[in-house]
Amino acid sequence: QKEVEQNSGPLSVPEGAIASLNCTYSDQGSQSFFWYRQYSGKSPELIMFIYSNGDKEDGRFTAQLNKASQYVSLLIRDSQPSDSATYLCAARESSTLGRLYFGRGTQLTVWP
Amino acid sequence: NAGVTQTPKFQVLKTGQSMTLQCAQDMNHNSMYWYRQDPGMGLRLIYYSASEGTTDKGEVPNGYNVSRLNKREFSLRLESAAPSQTSVYFCASMVGQTRNSPLHFGNGTRLTVT
């Protein structure tokens, strides 16, 4: 059974701070990883994906991947109240089917 | 370009009733998926269709059936609804199984079974 584990939170940070969200995965062969944001009552929307070890930056968001540790993280710099949402980590399985397995999500609250 | 369209948005069923959730995508994607989302459980894969003409079970297929009607449409059927199937259902599609292909989600169907 492939698993993706996330800190369930909730995580609460002040406006302007860095929010750090973490994820580990069980499938050693997984090659790519995705972060989705989900506002309450809405569908998940893609923030970014990463498949190379190291950091990948997109605006205020930085994804970090360490395949040796089977660890993925998402940093949100200069957090805004509009970043308050649930963040879902997903790993693509290593088989040719390439299905995505999701963690349970981390709820983030950014307070003004 | 509507993306992934799901109908209905809300549905209330009595135990034992049947219904079909509809999903269509206009992005010419090959793969389509049905997930359910329950509080504290994340997204769990029910069924998927890697390509037109194929379907297969995911993590939680019991009580469901699917049909990949054509490349655009992928429906999910509950033959005899049970309270345990109360959930939010998301349809999603993906262009293929390449490593940088993300899932694109529909807006969801909120189903309550009483």
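Lettering follows sequence order; numbering is per chain, from 1. Since we're looking at a predicted model, the values are computed, not measured.
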Please find the pair of heavy atoms, one from [X] and one from [Y], that lie closest to each other, and give the distance.
X	Y	result
B:Phe105	A:Pro44	CD1-O, 3.7 Å
A:Arg99	B:Tyr48	NH1-CE2, 3.1 Å
B:Ser101	A:Phe34	O-CZ, 3.5 Å
B:Gly106	A:Ser43	O-CB, 3.0 Å
B:Phe90	A:Lys42	CZ-O, 3.8 Å

Shared hydrophobic cluster for [X] and [Y] (ILVMFWY, side-chain gaps under 4.5 Å):
X	Y	result
A:Leu108	A:Val4	yes
B:Tyr35	B:Ile46	no
B:Tyr47	A:Tyr101	no
A:Ile47	A:Leu75	no

*Non-hydrogen atoms of chain B under 4.5 Å away: do they reach the side chain of A:Gln38, the backbone, both or neither?*
side chain
*Side chain, backbone, both or neither: which part of A:Leu100 has a heavy atom under 4.5 Å from chain B?*
both
To the nearest 0.5 Å, what is the distance between [atom1] on [X] and [atom2] on [Y]?
X	Y	atom1	atom2	answer
B:Leu45	A:Phe102	CG	CZ	9.5 Å
B:Gln37	A:Arg104	CD	CZ	12.0 Å
A:Arg92	B:Met94	CZ	CE	4.5 Å

_I'd like to verify something: which residue of B:Gly40, B:Gly58, B:Gly108, B:Ala92 has the highest number of heavy-atom pairs under 4.5 Å with chain A?_
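Most heavy-atom pairs under 4.5 Å with chain A: B:Gly40.
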*Can you tell me if A:Tyr36 uses its side chain to pair, donor with acceptor, with the backbone of B:Leu103 under 3.5 Å?*
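The answer is yes, because a donor-acceptor pair under 3.5 Å joins these two groups.
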*asked:* Just so I understand: if I count every heavy-atom pair under 4.5 Å between each of A:Phe49, A:Phe33, A:Tyr51 and chain B, which residue has the most?
replied: A:Tyr51
*Is it the backbone or the side chain of B:Arg44 that comes under 4.5 Å from a heavy atom of chain A, or both, or neither?*
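The answer is neither part of B:Arg44.
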